[in-house]
Protein chains: 2
Amino acid sequence: MGASKTDHFTEEQNQIAIVAKALGHPARIAIIEYLLKVNACICNDIVNELPLAQSTISQHLKELKNAGLIKGEIEGNSICYCINETTFNVLKEYFSRIIFTVTNQKCC
Amino acid sequence: MGASKTDHFTEEQNQIAIVAKALGHPARIAIIEYLLKVNACICNDIVNELPLAQSTISQHLKELKNAGLIKGEIEGNSICYCINETTFNVLKEYFSRIIFTVTNQKCC
DNA sequence: ATTTAATATCGCAATATTACGATATAGATT
DNA sequence: AATCTATATCGTAATATTGCGATATTAAAT
């Protein structure tokens with residue numbers, strides 16, 4: 001095994017899971033925070049910031065991009081990776097909805 | 001390999017990653033949504049709801065519990081699993097902070 | 001035209017995750 | 001006491017993830 005049974009879940013459930021999974025690694029969280037901090041953004045900076053090899057960071061960036069959490073634009077020699085606000089908003093809305101529902105419950 | 005280099009990241013980065021990772025599976029998202037829906041909560045219900053074996057669901061519940069996303073209280077024969085609002089709040093706050101920071105940036 | 005710099009991809013090894021069936025455990029029911 | 005019901009744990013197979021070094025690739029600088 002090792003593969004998830006995605007077929008049996010809703011589109012939204014799979015989508016949220018994909019995004020959450022992409023955030024499920026401290027290096028990727030650190031990358032997001034670094035992008036926030038520097039505002040402008042070039043991958044090679046991150047290589048000096050994180051204790052990981054360049055190839056590993058490139059891989060993490062790819063996963064963040066696939067999940068729609070960051071956008072990357074080629075800018076001459078380097079690449080401008082930025083936060084994709086939209087996806088983070090989807091997450092925030094989703095969690096807000098959960099919290100709202102829980103708060104209005106009486107169980108536990 | 002297969003293990004993350006958690007040592008080199010901050011406590012918060014690791015914590016957020018752990019919680020996000022726990023949500024990074026559609027079955028676990030479905031479990032959360034089911035808990036929300038039924039309000040009262042017994043694991044065995046979920047077995048009839050999801051296309052997964054009882055042992056698999058038990059495993060997923062364990063991971064959600066370890067990440068602090070749900071709480072479980074033994075209630076006689078069965079177990080009352082409920083959403084742990086606190087952890088969801090932490091997530092929401094974290095994403096809100098990200099969105100706030102991004103919105104006030106001019107890059108990209 | 002070469003070289004340099006920034007990034008991506010490949011191939012691999014180590015480990016983690018997912019899922020299942022079988023079995024254990026523990027309280028409830030008979 | 002025996003059985004049922006709900007849940008957890010174990011063992012195992014299949015697959016995914018993490019991380020690295022080596023090697024592309026592509027644009028910039030010399």
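Worth saying up front: this structure is predicted, and the values here are computed from it rather than measured. In the text below, chain A, chain B and the rest are named by the order of the sequence lines, each starting its count at 1. Side chains are part of it too, since the values below use all heavy atoms of this structure and drop only hydrogens, waters and symmetry mates.
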Enquirer: List the atom of A/Leu52, the atom of A/Ala27, and the distance in Å for their closest heavy-atom pair.
Expert: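 That closest heavy-atom pairing would be CD1-CB, 3.6 Å.
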Enquirer: Counting only side-chain heavy atoms from C-beta out, which of D/dC20, C/dT18, D/dA8 sits nearest to B/Ser58?
Expert: D/dA8
Enquirer: Please figure out whether A/Ile74 or A/Ala27 has its closest DNA chain D nucleotide nearer the 5' end.
Expert: A/Ala27
Enquirer: Rounded to the Å, how far apart are A/Leu61 CG and D/dT18 C1'?
Expert: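 Whole-Å distance recorded here is 15 Å.
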Enquirer: Looking at B/Ser55, I'd like to know whether one of its side-chain N or O atoms comes within less than 4.0 Å of OP1 or OP2 on C/dG21.
Expert: no
Enquirer: Calculate the interatomic distance between B/Glu63 atom CD and C/dA16 atom P; express it in whole Å.
Expert: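 To the nearest whole Å, that distance equals 13 Å.
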Enquirer: If you pin B/Gln59 and B/Lys65 to their nearest nucleotides in DNA chain D, which one's is more 5'?
Expert: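 Per heavy-atom nearest nucleotide, the more 5' residue is B/Lys65.
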Enquirer: Less than 4.5 Å apart, side chain to side chain, heavy atoms only: is that true for A/Ile16 and B/Leu23?
Expert: no
Enquirer: What is the minimum heavy-atom distance between A/Arg28 and A/Lys21, and which atoms define it?
Expert: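 In terms of heavy atoms, the two residues are closest at NH2-O, 3.5 Å.
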Enquirer: Measure the distance from NZ on A/Lys62 to C1' on D/dG19 and round it to the nearest whole Å.
Expert: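 Nearest whole value for this atom pair: 14 Å.
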Enquirer: Any heavy-atom pair between the side chains of B/Tyr34 and B/Asp45 that's under 4.5 Å?
Expert: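 Contact flag for B/Asp45/B/Tyr34 side chains = yes.
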Enquirer: Rounding to a whole Å, what distance do you find between A/Leu50:CG and D/dG19:C1'?
Expert: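 Computing the A/Leu50:CG to D/dG19:C1' distance gives 13 Å.
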Enquirer: Quick check: on DNA chain C, is the nucleotide nearest A/Asn77 upstream (toward 5') of the one nearest A/Lys21, or the reverse? Name the residue that is more 5'.
Expert: A/Asn77
Enquirer: What integer distance in Å separates A/His60:NE2 from C/dA8:C1'?
Expert: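 A/His60 atom NE2 is separated from C/dA8 atom C1' by 15 Å.
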Enquirer: At less than 4.0 Å, is any side-chain N or O atom of A/Tyr81 found next to OP1 or OP2 of C/dA8? Yes or no.
Expert: yes
Enquirer: What is the separation between atom CD1 on A/Ile79 and atom P on C/dA5, rounded to the nearest whole Å?
Expert: 18 Å
Enquirer: Check the distance between D/dG19's P and A/Ile46's CD1 and give it to me in whole angstrom.
Expert: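 Distance, rounded to whole Å: 15 Å.
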Enquirer: Return the value, rounded to whole Å, for the distance between atom CG of A/Leu52 and atom P of D/dG21.
Expert: 11 Å
Enquirer: What closest approach, in Å, do A/Ala67 and A/Thr87 show between heavy atoms, and which atom pair accounts for it?
Expert: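 Residues A/Ala67 and A/Thr87, closest heavy atoms: O-CG2, 4.0 Å.
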Enquirer: Between the side-chain atoms of A/Gln54 and the base atoms of C/dA8, is any donor-acceptor pair under 3.5 Å?
Expert: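 Side chain to base: pair found, below 3.5 Å.
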Enquirer: Below the 4.0 Å mark, does C/dT18 have OP1 or OP2 next to a side-chain nitrogen or oxygen of B/Thr56?
Expert: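 It does not, given that no N or O in the side chain of B/Thr56 lies less than 4.0 Å from OP1 or OP2 of C/dT18.
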Enquirer: Among D/dA8, D/dG21, C/dG21, find the nucleotide with the atom closest to the side chain of A/Ala53.
Expert: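 Nucleotide nearest to A/Ala53's side chain: D/dG21.
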